[in-house]
Visitor: 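Please find one structure pasted underneath; my questions will follow.
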Amino acid sequence: QVQLVESGGGLVQAGGSLRLSCAASGGTFSRYAMGWFRQAPGKEREFVAAISRSGVLTYYADSVKGRFTISRDNAKNTVYLQMNSLKPEDTAVFYCAADLSPLSTSYYSAAEGSYDYWGQGTQVTVSS
């Protein structure tokens, strides 16, 4: 059983920055590919970013490329999402997720079905 706890959300003006953290427990973190998703009010959950278990490969949704950076610290069992140049349309609940069965150390996925465990989410609100 893997537990994920997000933190770092909050209120920020457009153009500002936030760093989200997701702490994992109950498993071997270095074996998991990790992802970030978000869900805005009235919309479906969408992919944001993913990182392979080795940390070598990352992938981003087109809407956040150049603004967001995903990273991980396996010694701390934590994955991060650095968000810069935030826009009002980034407003959403952000979730981290763990894929316990990545195909290789360089594997990642943008598909929700690839992930086995999810955190409770952290609210990010961007005002103009």
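It should be emphasised that the depicted structure is a prediction, and the values quoted were computed from it without experimental measurement.
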Visitor: Should the heavy atoms of other residues, nucleotides or ligands under 6.0 Å from CD of Glu44 be counted, would the total exceed 12?
Guide: no
Visitor: Of all residues at least two apart in sequence or in a different chain, which pass the salt bridge (Lys or Arg N to Asp or Glu O under 4.0 Å) check with Arg53?
Guide: none
Visitor: Just checking, is any N or O donor in the side chain of Ser17 or Asn84 under 3.5 Å from an acceptor N or O on the other one?
Guide: yes
Visitor: In the structure I gave you, are the side-chain heavy atoms of Arg38 and Ser63 within less than 4.5 Å of one another anywhere?
Guide: yes
Visitor: Does Gln120 use its side chain to pair, donor to acceptor, with the backbone of Glu6 at less than 3.5 Å?
Guide: no
Visitor: Is it true that, when you exclude Gln3 itself, more than 12 heavy atoms of the residues, nucleotides or ligands shown sit nearer than 6.0 Å to its CD?
Guide: no
Visitor: Does a side chain donor of either Ser54 or Ser52 reach within less than 3.5 Å of an acceptor in the other side chain?
Guide: yes
Visitor: Measuring from Thr69:OG1 to Arg67:CZ, what's the distance to the nearest 0.5 Å?
Guide: 11.0 Å
Visitor: Is Leu57 reachable from Tyr59 through a run of hydrophobic residues whose side-chain heavy atoms are each under 4.5 Å from the next?
Guide: yes
Visitor: Between Thr122 and Gly9 (side chain of the first, backbone of the second, donor and acceptor by atom type, cut-off under 3.5 Å), is there such a pair?
Guide: yes
Visitor: Is there any salt bridge (Lys or Arg N to Asp or Glu O under 4.0 Å) pair reaching into residues 91-100, and which pairs are they, with sequence neighbours excluded?
Guide: none
Visitor: Within 45° of the ring axis of Tyr95 and under 6.0 Å from its six-membered ring centre, is that where the NZ or CZ of Arg45 lies?
Guide: yes
Visitor: List, by chain and number, the other hydrophobic cluster members for Val12, where Ile, Leu, Val, Met, Phe, Trp and Tyr join if side-chain heavy atoms come within less than 4.5 Å, directly or indirectly.
Guide: Val2, Leu4, Leu18, Leu20, Phe29, Tyr32, Met34, Trp36, Val48, Ile51, Tyr60, Val64, Phe68, Ile70, Val79, Leu81, Met83, Leu86, Phe94, Leu100, Tyr117, Val124, Val126
Visitor: Could you go through Lys87 and Asp90, starting from their C-alpha distance and side-chain angles, then the distance that decides it, and tell me whether this counts as salt bridge (Lys or Arg N to Asp or Glu O under 4.0 Å)?
Guide: CA-CA 5 Å; Lys87 304 175 181 179; Asp90 293 320; over 6 Å; no
Visitor: Identify the heavy atoms of Tyr115 and Ala50 that sit nearest to each other, and give their distance.
Guide: OH-CB, 3.6 Å
Visitor: For the CD atom on Gln39, are there more than 12 heavy atoms of other groups (residues, nucleotides or ligands in this structure) within a distance under 6.0 Å?
Guide: yes
